[in-house]
Enquirer: 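Have a look at the structure that comes next, please.
Counting convention: from 1, in listed order, for ligands and their atoms alike.
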Amino acid sequence: MRLDIISIFPEYFAPLDVSLIGKARERGTLDVRLHQLREWAHDVHKTVDDTPYGGGPGMVMKPEVWGEAIDTVAEGGSPRLIVPTPSGRPFDQELAQELAQEPWLLFACGRYEGIDSRVMAEYSSRMRVDEVSIGDYVLAGGEVAVLVMVEAVGRLLPGVLGNAQSAVDDSFAPGSMQNLVEGPVYTKPPVWRGHEVPAVLLSGHHGKVARWRRDEAIRRTVRNRPELAAALDPETLDKHDRKLLEELAFRLQPEDVAN
Ligand code: 6GU
């Protein structure tokens, strides 16, 4: 996969040299190219922003600079353009899977109050454009959001994860335990500072282990992600699950109780 990133802070992306993503780049699975936006600013001060029309706080990134940058980087092809912004569509595992299928992504990192909206309008007729948010909080710029997205997408590429099963078992992976987060995990030693590993995990009884893991996933989902628990599909719950949810004083949506 080819991955271009345009930013006024390309040095933000030093972590992409490290770990799984760094190795994927060394192997050629990922071809990451960083670009300094200011290279396409032509005045002496390399200005990339200006005051917003209509007034208001902050600065807006200029369309001409972005236009030249994207024209140059996307020359001869049509990457999928991703614009990180807190007003974008939510980034989730499903979108990560979708982006992992693309041959070429171009990330356009805005700072300040964002990029002049005509840039997204202009490129929408030439390439797929998505404005994407990584969560309900505001970052100072899109750079960290792009790091998040690149790691989430990169680890899904064939051969990037050591264990092919790892990406399949993820919380939120389609086809995994849907709408359940993963439960706790343990390794040796069996007792650490007086804390014991749950006996069932040492029992060698695969059926009991699977049941226990599902119970723990349900407990954790109810505790940490009540909105996911509330959306559980009754078709995916067996008698044991329903009993556990009852013990946790958790009630399914009224329309689901009839089932
Ligand atoms: Cl993608 N960008 C910025 N600046 N803030 C964010 C975000 C993106 N996602 C959540 N907050």
Side-chain angles (χ1 to χ4, degrees), residues 1-16 18-21 30 32-38 40-41 46-63 65-67 69-70 73-74 79-102 104-124 127-157 170-173 181 224-225 227-228:
M1 170 183 281
R2 176 171 166 186
L3 218 151
D4 289 88
I5 303 172
I6 308 173
S7 163
I8 58 169
F9 296 121
E11 58 280 21
Y12 244 106
F13 298 93
L16 298 182
V18 176
S19 190
L20 284 177
I21 301 297
L30 256 185
V32 179
R33 306 182 193 184
L34 301 174
H35 310 273
Q36 169 55 265
L37 177 68
R38 291 194 199 277
W40 290 281
K46 302 280 180 200
T47 308
V48 296
D49 61 343
D50 204 341
T51 55
Y53 276 123
M59 299 290 271
V60 174
M61 295 189 106
K62 294 166 66 60
V65 181
W66 272 109
I70 297 170
V73 171
R80 184 155 170 182
L81 179 59
I82 308 293
V83 183
T85 167
S87 55
R89 63 185 281 207
F91 184 73
D92 58 13
Q93 194 63 28
E94 195 176 318
L95 182 52
Q97 301 263 23
E98 191 183 315
L99 296 182
Q101 307 302 311
E102 299 281 350
W104 188 4
L105 302 176
L106 167 51
F107 290 94
C109 296
R111 282 260 144 185
Y112 318 112
E113 297 304 309
I115 301 172
D116 186 304
S117 203
R118 292 170 292 181
V119 173
M120 283 64 86
E122 165 73 7
Y123 290 98
S124 293
M127 54 186 74
R128 175 89 190 256
V129 178
D130 294 276
E131 293 181 286
V132 178
S133 165
I134 64 160
D136 293 340
Y137 39 79
V138 180
L139 304 170
E143 283 77 8
V144 168
V146 169
L147 282 173
V148 167
M149 290 189 268
V150 169
E151 183 155 317
V153 171
R155 65 185 285 285
L156 296 176
L157 299 178
D170 289 341
S171 296
F172 311 117
V181 300
N224 295 342
R225 298 297 301 275
E227 85 288 6
L228 287 185

Enquirer: Please determine whether side chain to side chain contact (heavy atoms under 4.5 Å, CB included) holds for the pair Met1 and Leu99, giving the CA-CA distance in whole Å, both sets of side-chain angles, and the decisive distance to 0.1 Å.
Expert: CA-CA 10 Å; Met1 170 183 281; Leu99 296 182; 5.7 Å; no
Enquirer: Would one find more than 12 heavy atoms of other residues, nucleotides or ligands at under 6.0 Å from atom CD of Glu151?
Expert: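 Open: at most 12 neighbouring heavy atoms sit under 6.0 Å from CD of Glu151.
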Enquirer: Could you tell me whether Asn224 atom CG has more than 12 heavy atoms of other residues or ligands within 6.0 Å of it?
Expert: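 Counting other residues, nucleotides and ligands, CG of Asn224 exceeds 12 neighbours.
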Enquirer: Within a strict 4.5 Å, meaning less than it, do heavy atoms of the Leu139 and Ile134 side chains meet?
Expert: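 The answer is yes, as the side chains (C-beta and beyond) meet within the 4.5 Å cut-off.
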Enquirer: Tabulate below the donor-acceptor pairs under 3.5 Å that side-chain atoms of residues 5-14 make, not counting sequence neighbours, or state none.
Expert:
unit_1: Ser7; atom_1: OG; unit_2: Phe9; atom_2: N; d: 2.7
unit_1: Ser7; atom_1: OG; unit_2: Glu143; atom_2: OE2; d: 2.6

Enquirer: Tabulating one pair per line, provide the atom names and distances (0.1 Å) for every N/O atom of ligand 1 that is less than 3.5 Å from a protein N/O atom.
Expert:
unit_1: ligand 1; atom_1: 4 (N); unit_2: Leu139; atom_2: O; d: 3.3
unit_1: ligand 1; atom_1: 5 (N); unit_2: Leu139; atom_2: N; d: 3.1
unit_1: ligand 1; atom_1: 9 (N); unit_2: Ser133; atom_2: OG; d: 3.4
unit_1: ligand 1; atom_1: 9 (N); unit_2: Ile134; atom_2: N; d: 3.0
unit_1: ligand 1; atom_1: 11 (N); unit_2: Tyr137; atom_2: O; d: 2.6

Enquirer: Compare all side-chain heavy atoms of Leu95 with those of Arg89 and state whether any distance is below 4.5 angstrom.
Expert: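 A side-chain contact exists here, since the closest heavy-atom pair is under 4.5 Å.
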